[in-house]
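Here is the naming used below: chain letters follow the sequence lines, and residue numbers restart at 1 for every chain. Everything numeric in this text was worked out from a predicted model, so none of it was measured.
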2 protein chains.
Amino acid sequence: MTQERRKFRREGEAQRQGDLIAAALDLIAEGGPQAATVRAIAQRAGVTPGLIRHYFRTKEDLIGAAYAQFVRRMAEDHSATLEGAGPDPLARLARFVWRALCPPLTDSRTVGLWAGFLHLVRNDPRMRNIHRTGYLSFRDPLESLIGECLAATGRSLPPRQLQAEAIAANALIDGLWLEGSVLPEDFQPDELPRLGVEKVGALLGLPLTDHLEDMQ
Amino acid sequence: MTQERRKFRREGEAQRQGDLIAAALDLIAEGGPQAATVRAIAQRAGVTPGLIRHYFRTKEDLIGAAYAQFVRRMAEDHSATLEGAGPDPLARLARFVWRALCPPLTDSRTVGLWAGFLHLVRNDPRMRNIHRTGYLSFRDPLESLIGECLAATGRSLPPRQLQAEAIAANALIDGLWLEGSVLPEDFQPDELPRLGVEKVGALLGLPLTDHLEDMQ
DNA sequence: CCCGAAATTATACGCTTGCAGAATTACCGG
DNA sequence: CCGGTAATTCTGCAAGCGTATAATTTCGGG
């Protein structure tokens, strides 16, 4: 009884690469890099292991491509949240903070990916650059928004102090993001984004809570 | 030529377990869980792989013990920082925040361990409990300190709002801890703890910066 | 001084891993 | 409808993994 060869369909390069990257990200998010074996990735992508080497020179290349996509998606998703917002800087800042603390940015998958990639990022300068790009693409818009808000309320700061405000606000968001993602059952729905908007406002002395109704 | 057996010295159980745990933590901090193989741990501890199974029933047990020690050390180190402080609640809170953002709590090793353990913590309820213990042993004292400070300045909050303040302050500290640990070259020495004390003060409306001279 | 218990090493096994190359199959252009 | 191309599967390999167990060495007590 010769068992027959598995049937398959041909797909384009972009499709298959996308499938493989998505599978790798899923596995890393759930179980860390150790869970993303060549065989597991292939199985989740619905192909056989050998195909990976047809689209990526090595497994490390695939992981690198996956990280790049992860960072790019995060940045795109979040910068897109400002498009629907009006012109009022305070409303825009409130929305920016709120959205940073909602899914998909705040969920266990994201922090799982973040932690899973940390050591790869640390030990590979190429990945380190990808990381920095993503970090700044989050902090820079935040700094601009804060600057606009302060200017709108009559205050304005020298660049260095403005940057410090952005770092602190960003840290507050990051910390809430971290806690909410790691211990999700400790927070009620909306508690985290609400807390974020409220406390970033307190940090900067801005009445952000006035814009809470616009959310959700 | 029969190559001779390796010489060795007998050590007590505590000593060897400690060595093995330390070796495992080193490896996880540097390269994540995947770097902490039985053979690598043994080599770094200066013994042969078989010995691990003499002191730990399984590798998973060793990793669990390592995580427990890591969490315990962090909590001990940090709660010890309050012992040298005076009775003034404001000074105590300032010191608490300052110390949380200095080495050894803020360094790349700590965040490396934190990230390395994340997925193990997620998927193992026993480790999850260890984690929660450590997290609360940090947040609870913070909440008490904030309560004392607010009481001392005449304000006092219902428990629920006090807890929210503690969560936010803790998040701010966590976020700064994260950023400082991941991108250490982006911050000058003392910039991070100084920022932390200043911004936690801003968050709570407390004059914490008055106590900055006592640090260092 | 030596003997027994326990600490430590050595060896081996079955399994998984990433990678390589040959074999096969699906699909497109004629 | 058919042939060529390349997308995909299949098989195999060497290395590394955690674990099990037997063989040795150390060292304190008689």
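Contacts of A:Arg92 classified as side chain to side chain contact (heavy atoms under 4.5 Å, CB included), with partners at least two apart in sequence or in another chain: A:Leu82, A:Ala85, A:Leu145. Remark: A:His78 engages A:Phe96, A:Phe138 in a ring-ring contact (aromatic ring centres under 6.0 Å, His included) (not counting sequence neighbours). Here A:Glu143 pairs with nothing under the side-chain hydrogen bond (donor to acceptor under 3.5 Å, both in side chains) rule; sequence neighbours left out. The side chain to side chain contact (heavy atoms under 4.5 Å, CB included) test applied to A:Ala42 returns A:Val47, A:Pro49, A:Ile52, not counting sequence neighbours.
Legend: salt bridge (Lys or Arg N to Asp or Glu O under 4.0 Å) pairs involving residues 74-84 of chain A, not counting sequence neighbours: none detected. For residues 109-118 of chain B, the set of pairs meeting the side-chain hydrogen bond (donor to acceptor under 3.5 Å, both in side chains) definition, not counting sequence neighbours, comprises B:Asp26-B:Arg109, B:Asp107-B:Thr110. Residues in residues 166-186 of chain A take part in these side-chain hydrogen bond (donor to acceptor under 3.5 Å, both in side chains) pairs, two or more places apart or across chains: A:Asn170-B:Glu179, A:Glu179-B:Tyr135, A:Glu179-B:Asn170, A:Glu185-B:Arg128, A:Asp186-B:Arg132. Under the side-chain hydrogen bond (donor to acceptor under 3.5 Å, both in side chains) criterion, the residue pairs touching residues 35-51 of chain B are B:Glu30-B:Arg44, with sequence neighbours excluded.
In this structure, CZ of B:Arg39 is placed 14 Å from P of C:dA12, rounded to the nearest angstrom. Nucleotide D:dT11 holds its C1' atom 18 Å from the CD atom of A:Glu4, rounded to whole Å.
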Item checked: Nucleotide-resolved protein contact map, nucleotides 23-30 of chain C, B/S/- at heavy-atom distance under 4.0 Å -> BSBBS---

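Within residues 25-35 of chain A, no residue has a heavy atom under 4.0 Å from DNA chain C. Only B:Arg53, B:Thr58, B:Lys59, listed by number, bring a heavy atom of residues 41-66 of chain B to less than 4.0 angstrom from any atom of DNA chain D.
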Which side-chain N or O atoms in residues 53-72 of chain B pair as donor and acceptor under 3.5 Å with protein atoms at least two apart or in another chain?
residue : atom : partner  : partner atom : Å
B:Arg53 : NH1  : B:Arg57  : O            : 2.9
B:Lys59 : NZ   : B:Ala36  : O            : 3.1
B:Tyr67 : OH   : B:His131 : ND1          : 3.4

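For the pair B:Ala168 and A:Lys199, the tightest heavy-atom approach, listed with the atom from each and the gap, is CB-CG, 3.5 Å.
As judged by a 4.0 angstrom heavy-atom cut-off over every strand, A:Glu13 is placed among residues making no nucleic acid contact.
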